[in-house]
Participant: 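This structure is in structure tokens; I'll ask about it shortly.
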Amino acid sequence: NWKAGTAFSNDASATGVGSIDSAGSVNTDVGFGIISYTGNGSNGATVAHGLGVSPDMIIAKTRDSAENWQVFHSALGGTKRLYFLTNAEADTAEAWNDTNPSATVITLGTSSLINKDDDKYIAYCFADVEGYSKFGTYIGDASGNGPFIYTGFRPAFTIIKRVNDDGESWIMQDSARSP
């Protein structure tokens with residue numbers, strides 16, 4: 001679990017940050033925020049996230065219908081998106097408008113999965129924090145042990161996804177359960 005205990009609220013018209021109002025909670029010490037917003041269907045709409053740094057991973061979903069989760073990862077960039085399914089990466093502007101998030105906002109495309117007019121959304125934003133969390137990529141080497149991935153700390157939770165091949169599931173492991 002991640003705790004994002006500081007309340008966050010952004011009135012986009014009053015602050016000039018973003019074009020869509022957002023609210024939620026953030027914890028900048030651990031690089032995590034839970035942001036809610038209502039879509040407007042506009043290409044290039046922006047949502048303030050409150051982290052103060054660019055998110056390395058965003059997991060977002062509409063709360064109004066049964067749709068796929070949209071995933072942004074900094075290693076893939078704003079031109080790609082993943083689903084929390086077995087699909088490979090997809091090159092599309094519909095999710096993130098071909099734009100990486102900034103230190104203040106997430107940019108949205110026109111996909112109904114991320115920015116349908118009047119739909120309510122939730123976005124979980126994660127940023128690298130030295131000694132706490134790390135986001136990156138590696139290339140498998142087909143060996144029994146695989147490549148060594150240096151994080152700078154001993155991870156308690158890992159998420160792995162092969163991004164270049166359909167049919168590959170997400171792998172989640174943690175140190176609290178065996179194996």
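We number each residue from 1, following the sequence as shown. Given the structure is predicted, the values throughout are model-derived calculations rather than measurements.
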Participant: Backbone N or O of Arg177 within a donor-acceptor pair of the Asp174 side chain at under 3.5 Å?
Facilitator: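 Judged by distance alone, yes, a pair lies under 3.5 Å.
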Participant: Got a second to check how far Met172's CE is from Thr158's OG1, nearest 0.5 Å?
Facilitator: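 It is 9.5 Å, given to the nearest 0.5 Å.
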Participant: Supply the members, apart from Ile160, of the Ile/Leu/Val/Met/Phe/Trp/Tyr cluster built from side-chain contacts under 4.5 Å; use none for a lone residue.
Facilitator: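 Members besides Ile160, by chain and number: Tyr138, Ile149, Ile171.
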Participant: Look only at the side chain of Thr28 and the backbone of Gly31, and say whether a donor-acceptor pair between them is shorter than 3.5 Å.
Facilitator: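 Side chain of Thr28 to backbone of Gly31, a donor-acceptor pair under 3.5 Å: no, none is there.
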Participant: Would a single hydrophobic cluster contain both Tyr150 and Val129, if residues Ile, Leu, Val, Met, Phe, Trp and Tyr are joined by side-chain heavy-atom contacts under 4.5 Å?
Facilitator: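 As far as the 4.5 Å side-chain criterion goes, Tyr150 and Val129 are not connected within one cluster.
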Participant: In Å, rounded to the nearest 0.5 Å, how long is the span from CG of Leu82 to CD of Glu89?
Facilitator: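 Rounded to the nearest 0.5 Å, the CG-CD separation comes out at 7.0 Å.
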Participant: Hey, what else clusters with Leu85 if you join Ile, Leu, Val, Met, Phe, Trp, Tyr whenever side-chain heavy atoms sit under 4.5 Å?
Facilitator: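 Reading the cluster by chain and number, Leu85 sits alongside Tyr83, Leu113.
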Participant: Can you tell me how far CG of Asn10 sits from CG of Asp21, rounded to the nearest 0.5 angstrom?
Facilitator: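 One gets 7.0 Å once the value is rounded to the nearest 0.5 Å.
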Participant: Looking only at heavy atoms, what is the nearest atom pair of Ala95 and Gln70, with distance?
Facilitator: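 Taking Ala95 first and Gln70 second, the nearest heavy atoms are CB-OE1, 3.8 Å.
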Participant: Given Thr62, which partner from the list Asn115, Asp119, Asn68 fulfils the side chain to side chain donor-acceptor pair (under 3.5 Å) test?
Facilitator: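 Only match with Thr62 under side chain to side chain donor-acceptor pair (under 3.5 Å): Asp119.
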Participant: Check this for me: Lys116, atom NZ, are more than 12 non-hydrogen atoms of other residues, nucleotides or ligands nearer than 6.0 Å?
Facilitator: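 Not buried by this count: 12 neighbours or fewer within 6.0 Å.
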Participant: Under the side chain to side chain contact (heavy atoms under 4.5 Å, CB included) criterion, do Asp166 and Thr86 qualify, and how do the steps go?
Facilitator: CA-CA 6 Å; Asp166 278 340; Thr86 59; over 6 Å; no
Participant: Rounded to the nearest 0.5 Å, how far does CG of Asn27 lie from CZ of Phe32?
Facilitator: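 The CG atom of Asn27 is 9.0 Å from CZ of Phe32, to the nearest 0.5 Å.
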Participant: Are Ile159 and Leu76 linked, directly or through other ILVMFWY residues, by side chains that come within less than 4.5 angstrom of each other?
Facilitator: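 Linked, Ile159 and Leu76 end up in one cluster.
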Participant: For the pair Thr137 (side chain) and Ala75 (backbone), establish whether a donor and an acceptor sit closer than 3.5 Å, ignoring hydrogens and angles.
Facilitator: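 Absent.
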Participant: From Phe126 CZ over to Tyr124 OH, what is the distance, rounded to the nearest 0.5 angstrom?
Facilitator: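 Reported value, rounded in 0.5 Å steps: 8.5 Å.
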Participant: Any side-chain donor paired with an acceptor under 3.5 Å for Asn97 and Asn43?
Facilitator: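 Present: a donor and an acceptor within the cut-off.
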Participant: Any sub-3.5 Å donor-acceptor pair from Lys161's side-chain atoms to Glu168's backbone N or O?
Facilitator: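 Yes: the side chain of Lys161 pairs with the backbone of Glu168.
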Participant: Are the side chain of Thr104 and the backbone N or O of Ser102 linked by a donor-acceptor pair below 3.5 Å?
Facilitator: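 No: the side chain of Thr104 does not pair with the backbone of Ser102.
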Participant: Are any side-chain N or O atoms of Thr99 and backbone N or O atoms of Gly78, one a donor and one an acceptor, separated by less than 3.5 Å?
Facilitator: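 No, the answer is negative, given that no donor and acceptor are paired below the 3.5 Å cut-off.
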Participant: Rounded to the nearest 0.5 Å, what separation is found between the CE atom of Met57 and the SG atom of Cys125?
Facilitator: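 Result: 11.0 Å between the selected atoms.
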Participant: So does Lys120 get a backbone contact from the side chain of Asp64, meaning a donor-acceptor N/O pair under 3.5 Å?
Facilitator: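 Here the side-chain-to-backbone pair exists.
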Participant: Determine yes or no for a side-chain-to-main-chain donor-acceptor pair under 3.5 angstrom, with Ser133 supplying the side chain and Ala127 the backbone.
Facilitator: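 Such a contact is found between Ser133 side chain and Ala127 backbone.
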Participant: Taking Ser36 for the side chain and Ala23 for the main chain, is one N or O donor matched with an acceptor at less than 3.5 Å?
Facilitator: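 Yes.
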Participant: Answer yes if Val30 and Ile34 sit in the same cluster of Ile, Leu, Val, Met, Phe, Trp and Tyr residues linked by side chain heavy atoms under 4.5 Å apart, and no otherwise.
Facilitator: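 Yes, Val30 connects to Ile34 through the hydrophobic network.
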Participant: Run through the side-chain heavy atoms of Ile, Leu, Val, Met, Phe, Trp and Tyr, join any pair under 4.5 Å, and report what else lands in Ile20's cluster.
Facilitator: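 Direct or chained contacts put Ile20 with Phe8, Val26, Ile35, Tyr37, Val47, Ile58, Phe72, Trp96, Ile106, Leu108, Ile114, Tyr121.
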Participant: Looking only at heavy atoms, which two atoms of Ala4 and Gly33 are closest? And how far apart?
Facilitator: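 Shortest heavy-atom separation between Ala4 and Gly33 comes out as CB-CA, 4.4 Å.
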Participant: Is a donor on one side and an acceptor on the other found under 3.5 Å between the side chain of Lys61 and the backbone of Glu67?
Facilitator: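 Flag set: sc Lys61 to bb Glu67 pair under 3.5 Å.
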